[in-house]
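Got a structure here, written out as structure tokens. Questions coming.
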Number of protein chains: 2
Amino acid sequence: MTDRPGTFDGVHRRNLSKLLGLVHLEGPMSRARLTAATGLNRSTVASLAAELADLGLVEERAPDPTNRVGRPSPVIAAHPGVLAIAVNPEVDAVTIAAVGLDGTIAVRERVETDEVVSPEQTAALVREVVERWRGAGDAGLGDARLVAVGLAVPGLVRASDGLVRLAPHLEWADAPLRALVEEATGLPAAVGNDASLGAIAEHLFGAGRGVDDLVYLNGGASGIGGGLIVHGRPVGGVGGYAGEFGQNRPGIDAPGDRRAPGGVLEDEVSRRRLLDVVGLRLADEPTLAAAIVATGSPAVADELARQRRILGTALANAVNVLNPSVVILGGFLATIAEQDPDALRDAVAAQAMPAAVEELDLRVAALGEDRLLIGAAEAAFADLLADPIGDGPVA
Amino acid sequence: MTDRPGTFDGVHRRNLSKLLGLVHLEGPMSRARLTAATGLNRSTVASLAAELADLGLVEERAPDPTNRVGRPSPVIAAHPGVLAIAVNPEVDAVTIAAVGLDGTIAVRERVETDEVVSPEQTAALVREVVERWRGAGDAGLGDARLVAVGLAVPGLVRASDGLVRLAPHLEWADAPLRALVEEATGLPAAVGNDASLGAIAEHLFGAGRGVDDLVYLNGGASGIGGGLIVHGRPVGGVGGYAGEFGQNRPGIDAPGDRRAPGGVLEDEVSRRRLLDVVGLRLADEPTLAAAIVATGSPAVADELARQRRILGTALANAVNVLNPSVVILGGFLATIAEQDPDALRDAVAAQAMPAAVEELDLRVAALGEDRLLIGAAEAAFADLLADPIGDGPVA
DNA sequence: CGAATTTGTTGCGCTTGACGGCAAATCGCC
DNA sequence: GGCGATTTGCCGTCAAGCGCAACAAATTCG
């Protein structure tokens, strides 16, 4: 009496999905709140929740002691034993984590690599780490249920089949990453561009919570990537390559601001140039930000202002075209923004349509390092969330 | 046994909407084809079609004589008597049309104006014309059913309440156009930016049919406007101001290409500059195109090439960010494209990500002058299409 | 003119969610 | 500490809507 869709399209499935999505996004909720949030009937919610519990996707816990009149309502929470494996291969290390459906990171491991890893090595590494975790019962993955693997790759990823078209820093080209990982682990895999997944994470859990139209721009060591959320859904484009703001030709009003003739946005607005001007070779983001604050050098201020101007123009262009309610800046772009938020906003306001700027909120990313892992896990969970029983017990 | 939703969310409504949308977009279809297209059961389609016919939204016609075996299937077509009023106020005239749910334009009238019309005058004019049409029974509007009014305005429009924030050429500012028109006509009204509505029209009936991710750019006398379709849905942004490509700061690689320091895209890529270089004061699009072809002047070729370079960069930027499957150019941008399509494509390819360009199709708008009217009608029909019984016979 | 094919038509059954009455659990007040 | 108020869970019933299958109708082909 659980699965069979019965009716054609699956109202039932959609309702299950809605419920699971709610507890996934909003955290544990009482059944009463779920009833209000979904607009469904009490009895329906009860039956749906029971079904999700049967599927092992949620837990029904004792009611929270809320000081209110009336019979307490049991709390529905995402089952902590439902996990996705999130993977982020980078130049110097591969980070692997197990992320719960409840949004918590159960385990995380950063595997440093001497040389740049290949796609095959990455797949093997994931397999190895996951098997080790599974073996170590006390680590908490003993009886866990692994749903899928999500990979955040710094490069161009074709969403449809998980082919990494080009990841310059990893020196990957046309790597069938999804297939490799699926074969190695036996789990379904999803591959996405790191910045796009970061955008999803910020949208769902970070600075963009509850916002349906946003632009996310992340400044990393290797350049500027981004992601869009439109109508509450991530924008991939046909190939899934959308969001490559870093490759845009920047509009530069003051000719003196140009540093890289014929260059793209990430040649002009660049972490490297900031590091150079403060005199650092390598630094993490807080160090860079601290160094910028510490120095009183006018050269630093000038470079900061120059990059801010160009960034402002790029943001203004995006705002004109997309009219988002929020623009989120991450990485060193957040550092630039935080040095003088008003100046950046003024720069955007001066060049974008006033009407679009009125409703615009310029924010700094709220999630830290975990962003990519959470985004990757989200990609891994996507199928399950969209259809909780879909490919489950297919006899 | 027809209306009552019964169940909560309205599968029924969605199915009705799906059916109506199909015959609206694809034209008359046999019931058998509808069955295949929707995936619903024969009996269900029959019942839904009968319900739509009862609502007066579709007609069930005699089967088409198709030379195939089997019992012929009746043809379902959008009812020709269901009309939307489409309005396009411009500087020198207001165009008003009655557009059928079947996509045909039943009547059209262009009212030339001596001076620029005000929003109030526009509303009054619409009322007057509609009443006249209604009176003239033989003109075909005798027993027609007017669903709503859609207005395509050359300016910034706040979609939520139909407020025209700014329409520089009409000299409108903060005009509550939707309210004015609704009061004057007694019909629900929808207001949209002309380019955005053009994008919708091209998406549904023109060069973008069946394409779910596209960018549309239109070059008019007053500048460059555009619209986006993402995930098959028009992108409005929070305020509905999205698509203002013309206000972007262009990326210009060759310093000599700049004509308007500090200017925006539509200052550099401009119809006026083309007219000037071929030596025309006023001309419609075919005349301009002919004049460009006729002249052998290198100055014309140079200007064309310059605008093409800058346009190419702008398109490349859009392609990088949105990775659309199609970019559609209308107005004088189409003229620029058609003079040398390969050159434009090369310009885009040189500056956009190769992967995104691979799947990119650069097209010229397919719909003519009717584009705005069709788009406006579409906006007017939107509610009806989304929910065919929704606000209909509310007792 | 009959076989084959396709599709409309009709009646039935199933799934699923809504609804309403009743019981349970908590709070507040006396 | 008991009682009313309130909220919510639980269960049985009901209805809406779609799928399904059998039959009938309309057309083509041989």
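Here is the naming used below: chain letters follow the sequence lines, and residue numbers restart at 1 for every chain.
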Q. Below 3.5 Å, does any donor atom in the side chain of S43(B) face an acceptor in the base of dC20(D), or the other way round?
A.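 Side chain to base: pair found, below 3.5 Å.
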
Q) Atom CZ of R33(A) to atom P of dT7(D): distance rounded to whole Å? A)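 Rounded to whole Å, this separation is 17 Å.
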
Q: Nearest whole angstrom, please: distance from the C1' of dT7(C) to the CE of M29(B).
A: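 In whole Å, dT7(C) C1' and M29(B) CE are 15 Å from each other.
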
Q: Provide the closest heavy-atom pair for G227(B) versus A199(B) in the form atom of the first, atom of the second, distance.
A: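 That closest heavy-atom pairing would be CA-CB, 3.7 Å.
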
Q) Which whole-number value in Å describes the distance from L40(A) CG to dG9(D) C1'? A)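 Distance check: L40(A) CG to dG9(D) C1' gives 16 Å.
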
Q) Closest to the R42(B) side chain: dC10(D), dT7(C), dA18(C)? A)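 Ranking dC10(D), dT7(C), dA18(C) by closest atom to the R42(B) side chain puts dT7(C) first.
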
(Q) Side chain of P72(B) only, heavy atoms from C-beta on: which candidate in dT9(C), dA26(D), dA18(C) is closest? (A)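 For P72(B), the side-chain atoms sit closest to dA26(D).
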
Q: Determine whether L34(B) and K18(B) make a side-chain contact, defined as any pair of heavy atoms from C-beta on separated by less than 4.5 Å.
A: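 They are not in contact (no side-chain heavy atoms under 4.5 Å apart), so the answer is no.
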
Q) To the side chain of R31(A), which of dT7(D), dT7(C), dG9(D) is closest? A)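 Nearest listed nucleotide: dG9(D).
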
Q) What integer distance in Å separates L34(A):CG from dT8(D):C1'? A)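 Distance, rounded to whole Å: 13 Å.
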
Q: Looking at every strand, decide which applies to P63(A) at a 4.0 Å heavy-atom threshold: base, sugar-phosphate, or nothing.
A: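 The residue P63(A) makes no contact with any strand.
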
Q) Between dT27(D), dG17(C), dT8(D), which nucleotide gets closest to the side-chain atoms of V69(B)? A)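 Looking only at side-chain atoms, V69(B) lies closest to dT27(D).
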
Q: Take atom CG of L48(B) and atom C1' of dT9(C), then tell me their distance rounded to the nearest Å.
A: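 Atom-to-atom, L48(B) to dT9(C), this comes out as 15 Å.
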
(Q) Would you say N15(A) places a side-chain N or O within less than 4.0 Å of OP1 or OP2 belonging to dG17(C)? (A)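 Looking at the OP1 and OP2 atoms of dG17(C), one of them is under 4.0 Å from a side-chain N or O of N15(A).
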
Q.
I need the CD-C1' distance between E60(A) and dC10(D), as an integer number of Å.
A.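 One finds 12 Å between C1' of dC10(D) and CD of E60(A), rounded.
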
(Q) Closest approach to the side chain of R71(B), judged atom by atom: which nucleotide of dT6(C), dT7(D), dT27(D) is it? (A)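 Of dT6(C), dT7(D), dT27(D), dT6(C) is nearest to the side chain of R71(B).
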
Q: Give a yes or no on whether R145(A) atom CZ has more than 12 heavy-atom contacts from other residues, nucleotides or ligands under 6.0 Å away.
A: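 Counting other residues, nucleotides and ligands, CZ of R145(A) exceeds 12 neighbours.
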
Q) How far does CG of L25(A) sit from CG of L385(A), to the nearest 0.5 angstrom? A)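 If I round to the nearest 0.5 Å, the distance is 7.5 Å.
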
Q: Specify the separation, in whole Å, of atom CZ of R14(B) and atom C1' of dA16(D).
A: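 Taking atom C1' of dA16(D) as the reference, CZ of R14(B) is at 15 Å.
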
(Q) So if I take every side-chain heavy atom of H12(B) and compare against dC19(C), dG17(C), dG17(D), which nucleotide ends up nearest? (A)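 Of the candidates, dG17(D) comes closest.
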
Q: Let me know the distance between CG of L19(B) and C1' of dC18(D), rounded to the nearest Å.
A: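 Roughly 14 Å, once rounded to whole Å.
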
Q. Can you check whether N323(A) reaches D213(A) side chain to side chain, under 4.5 Å on heavy atoms?
A.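 Side chain of N323(A) against side chain of D213(A), heavy atoms only: no contact under 4.5 Å found.
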
